[in-house]
2 protein chains.
Amino acid sequence: MDIKTLCLGILSLGDATGYEIKKMVAEGSFSFFSEASYGSIYPALGKLMAEGFVTCRAMAQEKRPDKKVYSLTELGREALTQSLRKNPDPDKNRSEFLAAILFCESVAPERVDDLIEDRIHEHEQKITALEGLLAGDMTPGSIFVVEYGVATQKAALEFLLKNQNKFSGQSPKGAGANLREVPTTAAE
Amino acid sequence: MDIKTLCLGILSLGDATGYEIKKMVAEGSFSFFSEASYGSIYPALGKLMAEGFVTCRAMAQEKRPDKKVYSLTELGREALTQSLRKNPDPDKNRSEFLAAILFCESVAPERVDDLIEDRIHEHEQKITALEGLLAGDMTPGSIFVVEYGVATQKAALEFLLKNQNKFSGQSPKGAGANLREVPTTAAE
DNA sequence: CACTATATATATCGTATTGATACTATTGGA
DNA sequence: TCCAATAGTATCAATACGATATATATAGTG
């Protein structure tokens with residue numbers, strides 16, 4: 001999803017400034033499935049203005065720089081509806097962790113255990129954070145999205161807990177320090 | 001993970017051409033957690049050459065453009081090991097589907113059911129595809145990665161099957177066709 | 001009181017990445 | 001025979017990212 005559409009969508013939920021959009025994407029329900037930086041948000045808002053999809057009223061504040069509040073126009077609402085009509089592109093998941101698992105195997109197998117151990121804690125934290133979001137007043141949509149996130153995170157966590165032993169003691173080539181108590185995992 | 005490290009990692013599993021690297025990232029076990037285009041792979045290989053991390057031997061083929069096979073050097077292997085030493089960055093998940101759920105709510109709520117229905121089929125296909133990968137000869141690492149993928153995909157699928165009714169019949173503004181049998185989900 | 005960090009708020013800049021495409025040649029199917 | 005797909009290289013414009021600059025105010029700390 002390009003940033004223009006993302007901004008359009010966020011503005012469909014209510015007026016916002018560029019700063020607020022950035023915050024929503026970095027925290028809140030959006031953080032689980034999107035990301036955008038100022039360097040893409042501000043140009044996107046500029047283009048949306050030029051296309052007539054959003055308007056901007058500058059709210060002069062004393063002792064603060066002007067706040068530029070963007071609002072969706074009727075034209076913008078139609079453009080968003082149109083975008084939502086076509087099927088969403090498949091998800092893009094990027095995981096340095098999974099890459100590291102694959103690469104460590106050939107280059108530093110003794111590191112895999114730590115990697116998984118750390119990851120388990122990260123999943124636990126992520127789950128706590130997501131469940132914390134469910135406290136505020138949320139729409140059915142954002143509850144759905146957050147719970148979707150919780151479900152997948154929990155599945156990942158359980159997978160790691162079940163399978164972390166599958167690696168231990170395997171091909172201990174040279175390291176030596178990594179075969180503390182070889183577990184009797186199902187031979188194979 | 002930047003593309004240079006990704007290339008280094010893939011080459012640690014065996015020699016490859018730029019074309020082959022692209023294929024591995026687009027299909028195979030890598031497709032689940034990484035992505036890269038020619039426009040980033042070729043420049044990355046060029047830089048890795050300049051840094052002495054990879055070598056390249058051109059294999060002249062008749063009736064085809066030269067095949068440039070890249071190999072990891074010992075220096076490159078050390079650089080990769082070094083990169084793997086630091087903790088992997090958190091995953092980045094981008095989902096147009098989840099965004100669409102949120103945005104549809106305010107702009108086209110009658111579309112949500114279709115969105116979920118389609119998504120269920122996509123998850124089923126993805127699971128089949130991932131499980132298909134498990135047939136070939138795989139290292140423990142790639143089995144782990146693929147099964148991690150299967151686990152999360154299945155969790156997502158189950159979540160959607162369980163919760164797809166949570167949306168039906170809610171704020172049926174104008175559509176009318178979407179309130180077939182309102183389920184008695186736990187009132188709340 | 002000064003110092004530091006964090007929050008509010010806008011915006012730009014260099015670089016990395018994407019997505020599309022060009023070029024050339026072979027294979028396989030309609 | 002013609003079209004699409006596969007194999008292989010590579011580049012380019014548009015976009016996105018990540019870091020940073022610019023200001024001001026507040027909150028905490030030594």
Side-chain angles (χ1 to χ4, degrees), chain A residues 1-8 10-11 15-28 30-31 33-51 54 56-70 83 86 89-94 96 99, chain B residues 1-8 10 15-28 30-31 33-51 54 56-70 83 89-94 96 99:
Chain A
M1 172 165 290
D2 58 16
I3 311 293
K4 274 164 58 178
T5 311
L6 183 67
C7 290
L8 233 36
I10 289 177
L11 291 176
D15 294 355
T17 67
Y19 182 77
E20 285 166 342
I21 291 176
K22 164 73 178 169
K23 266 210 316 190
M24 295 176 78
V25 168
E27 312 158 25
F30 292 88
S31 63
F33 62 84
S34 70
E35 206 168 357
S37 58
Y38 291 128
S40 48
I41 290 172
Y42 283 112
L45 288 172
K47 284 174 213 157
L48 291 172
M49 281 255 287
E51 289 167 311
V54 304
C56 167
R57 66 206 138 88
M59 297 180 67
Q61 303 179 117
E62 285 164 36
K63 311 197 178 186
R64 292 242 181 212
D66 278 9
K67 180 184 275 200
K68 290 186 186 173
V69 180
Y70 294 87
S83 296
K86 49 180 186 182
D89 279 356
D91 290 13
K92 291 176 186 175
N93 307 107
R94 295 187 180 210
E96 286 201 6
Chain B
M1 172 166 290
D2 60 14
I3 309 292
K4 275 164 57 177
T5 311
L6 184 65
C7 289
L8 234 36
I10 288 177
D15 295 355
T17 67
Y19 182 77
E20 286 166 342
I21 291 175
K22 164 73 178 169
K23 267 210 314 191
M24 295 176 79
V25 168
E27 311 158 28
F30 293 87
S31 62
F33 62 84
S34 69
E35 206 168 357
S37 59
Y38 291 129
S40 50
I41 291 171
Y42 283 111
L45 288 172
K47 283 174 214 159
L48 291 172
M49 282 255 288
E51 289 167 310
V54 304
C56 167
R57 64 206 137 88
M59 297 182 66
Q61 303 180 117
E62 288 165 32
K63 310 198 178 184
R64 291 235 182 219
D66 279 9
K67 179 184 275 199
K68 291 187 185 173
V69 180
Y70 294 88
S83 296
D89 280 355
D91 290 12
K92 292 176 186 174
N93 306 109
R94 295 186 180 209
E96 289 202 3

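Atom-to-atom, CD1 of A:I3 to P of D:dG18 comes out at 11 Å; the value is rounded to the nearest Å. A straight line from CE of A:M49 to P of C:dT10 spans 12 Å, rounded to a whole angstrom. In this structure, the CD1 atom of A:I41 is 9 Å from the P atom of D:dC17, given to the nearest Å. At whole-Å resolution of the value, CD1 in A:I21 and C1' in C:dT10 are 13 Å apart. Rounded to a whole Å, the NZ atom of B:K67 is 16 Å from the P atom of D:dT6. Going from atom CD of B:E27 over to atom P of D:dT6 covers 9 Å, rounded to whole Å. Residue A:Y42 contributes atom OH, which lies 13 Å from atom C1' of D:dA21 at whole-angstrom precision. For the pair A:D2 CG and C:dT17 P, the interatomic distance rounds to 20 Å; values are reported in whole Å.
Of the side-chain N and O atoms in B:Y19, none sit less than 4.0 angstrom from OP1 or OP2 of D:dT9. For C:dT10, the OP1/OP2 oxygens have no side-chain nitrogen or oxygen of A:Y38 closer than 4.0 Å.
Counting any heavy atom pair closer than 4.0 Å across all strands shown, A:K22 reaches no nucleic acid atom. As judged by a 4.0 angstrom heavy-atom cut-off over every strand, A:A36 is placed among residues touching the sugar-phosphate backbone only. If you check every strand for non-hydrogen atoms under 4.0 Å, A:S37 touches a base. Looking at heavy-atom distances under 4.0 Å, A:E35 makes contact with sugar-phosphate atoms alone, never a base. Nucleic acid contact class of B:K4 (heavy atoms, under 4.0 Å, all strands): none. Among the heavy atoms of the strands lying under 4.0 Å from B:G39 is at least one base atom, whether or not backbone atoms are also near.
Both A:K92 and B:K47 lie close to DNA chain C; mapped to their nearest nucleotides by heavy-atom distance, the more 5′-ward contact belongs to B:K47. Comparing A:A44 and B:G18 along DNA chain D, the residue whose closest nucleotide (by nearest heavy atom) sits nearer the 5' end is B:G18.
Minimum atom distance to the side chain of A:R94 is reached by C:dT17, of the listed C:dT17, C:dT12, D:dT11. Relative to the side chain of B:S40, the nucleotides C:dT18, D:dT9, C:dT12 differ in distance, and C:dT18 lies closest.
For B:R94 and A:D89, the salt-bridge test fails: no basic side-chain N is under 4.0 Å from an acidic carboxylate O. Salt bridge annotation for A:K92-B:E96: absent, with no cationic side-chain nitrogen under 4.0 angstrom from a carboxylate oxygen.
Counting all heavy atoms, side chain and backbone alike, A:Y70 lies closest to A:L45 at CE1-CD1, 3.6 Å. Here the closest non-hydrogen pair linking A:M24 and A:F30 is O-CB, 3.1 Å.
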Going through the checks in order, is the side chain to side chain contact (heavy atoms under 4.5 Å, CB included) test met by A:V25 and A:L6?
-> CA-CA 9 Å; A:V25 168; A:L6 183 67; 4.0 Å; yes
